[in-house]
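Everything below concerns the one structure shown next.
Sequence lines set the chain letters: A, B, ... in the order given, protein chains first and strands last, and positions in each chain run from 1.
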Number of protein chains: 2
Amino acid sequence: MALRHAVLAALLDEELSGYQLAKAFDLGVANFWHALPQQLYAELAKLEKEGLVAGREVVQDTRPNKRLFTVTEAGLAELDRFAATANKPSFIRDDLFVKVQAADHVDVDELIAQLTERAAIAEAKIELWGGLLRQMRGDRSEEEFLRHGERIGPYLTCLRGLAFEQGNLDWCRRSAAILRERRAAHAPR
Amino acid sequence: MALRHAVLAALLDEELSGYQLAKAFDLGVANFWHALPQQLYAELAKLEKEGLVAGREVVQDTRPNKRLFTVTEAGLAELDRFAATANKPSFIRDDLFVKVQAADHVDVDELIAQLTERAAIAEAKIELWGGLLRQMRGDRSEEEFLRHGERIGPYLTCLRGLAFEQGNLDWCRRSAAILRERRAAHAPR
DNA sequence: TCATTCATGTAACCTGTTACATGATTTG
DNA sequence: CAAATCATGTAACAGGTTACATGAATGA
């Protein structure tokens, strides 16, 4: 039941609408949790009913009206309570890993193509996270920001995201290279 | 629907019982997919009914009887078909990340403790993966094994697991250190 | 004018988790 | 003698995904 807490954590820094939240939790940009728009709208409704967030209507004439949400005192308390609970161990579930596990029994060309594709995705994310980090620390050095910056939570999760994607990139490239070499060795000429 | 393919991939190297599979997919040892015993028994039943795996009863007098499963030709074909499908992008869902995201609003001591705990888990896994890798390559060097070894699929996924946990370890330690420093700076004396 | 973005949902479905059940054997 | 390991499941529930719906405004 961590989705609600992820939503609360996302609303700490800024007031957001369901739509904006959905963009933050999107696969392409989520650096600490992922969720679909449907889940978020449903969760926001529940959170509001329970008084953990408060919504206010913003009338727009050029755009459809929207509701912006803020974390309430009760919401903050709930988040703090959650922070003290035990973590469920995190697990691996990735299609690509399954395919690589079966590398010796499936079409290698296809695998190499998918590793290359994943590498490209990782590269794009690395640039995205890199830019986000630069934006957060502004003109300060990383060390300076980590010591004295306000709001370092998002910075830290973003650092993990960056390192994770760097790891993906390295592994995908290396694995693809190894598979290419073996293919060449097994079917020479 | 990748659980079935993960099961097929796990059965490629050796004939296993549901119980043995469950141990391989356990949180502590799963290097390419995680699942609970209940899921695995159910999935094995489905896979057998569909003819993708074949089970054979092994009678034991000292232990309860068990059923060992092998991948059939149809199963291999299904795995190969799966390997050619598009990957769903992998996403992040980790309680600890949510807590770190909220670092500036929750109890810092608690967070540091949890980061330290996670670091210890990562260390244990690093040793586990390291040992597994050594065992797989035997007396060969890594380069030699990657070039000419049979079954490199499991080796590659294990390498990713190792690097992932190393990344976790580094990040947990660094984040904890940063939070400790800031705590000291904000509440001196 | 057609696709994309803004903005918010409902409903059906599939997957994964939690709780529970059973029973024999080895290890401490 | 109690706990852990071997061995296999069922049932209820929570969480996440897919499909679908609506409607206005902007950009190509």
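- The CG-P distance, from A/Leu21 to C/dC6, rounds to 14 Å in whole Å.
- The phosphate of D/dT17 (OP1 or OP2) has a side-chain N or O of B/Arg93 nearer than 4.0 angstrom.
- B/Gln38 has its CD atom 9 Å from the C1' atom of D/dG9, to the nearest Å.
- A sub-4.0 Å separation between OP1 or OP2 of C/dC6 and a side-chain N or O of A/Lys23 is present.
- At whole-Å resolution of the value, CZ in B/Phe25 and P in C/dG16 are 11 Å apart.
- For the pair A/His34 and B/Pro37, both in contact range of DNA chain D, the more 5′-proximal nearest nucleotide belongs to B/Pro37.
- Minimum atom distance to the side chain of A/Arg63 is reached by C/dA7, of the listed C/dA7, C/dT17, D/dT18.
- As a whole-Å value, the separation of A/Leu36 CG from C/dT10 C1' is 15 Å.
- One interatomic measurement links the two molecules: CD of B/Gln60 to C1' of D/dC6, which rounds to 8 Å at whole-angstrom precision.
- Listed nucleotides C/dT26, D/dA7, C/dT18 differ in distance to A/Lys88; the shortest reach to its side chain belongs to C/dT18.
- In this structure, a donor-acceptor pair under 3.5 Å is present between the side chains of A/Asn168 and B/Arg160.
- B/Leu11 contributes atom CG, which lies 11.0 Å from atom CG of B/Leu52 (distance to the nearest 0.5 angstrom).
- B/Gln39 has no side-chain polar atom (N or O) that falls below the 4.0 Å cut-off from OP1 or OP2 of C/dT15.
- DNA chain D is contacted by both A/Asp61 and B/Arg67; B/Arg67 maps to the nucleotide lying nearer its 5′ end (nearest heavy atom per residue).
- Side-chain contact check for A/Phe32 versus B/Val100: every heavy-atom pair is 4.5 Å or farther apart.
- Rounded to whole angstrom, the span from the OH atom of A/Tyr41 across to the C1' atom of D/dT22 amounts to 13 Å.
- For C/dC6, neither phosphate oxygen OP1 nor OP2 lies less than 4.0 angstrom from any side-chain nitrogen or oxygen of A/Ser17.
- Protein atom CG of B/Leu40 is 12 Å distant from nucleotide atom P of D/dG9, rounded to whole Å.
- Separating the CG atom of B/Asn65 from the C1' atom of C/dG23 is a distance of 13 Å, rounded to the nearest angstrom.
- Aromatic ring centres of A/Phe97 and A/Trp171 lie closer together than 6.0 Å.
- Side-chain contact between B/Trp33 and B/Leu3: present, with at least one pair of heavy atoms (C-beta onward) separated by less than 4.5 Å.
- Candidate nucleotides C/dT25, C/dC6, D/dA7 were compared by shortest atom distance to the side chain of A/Tyr19, and C/dC6 ranks first.
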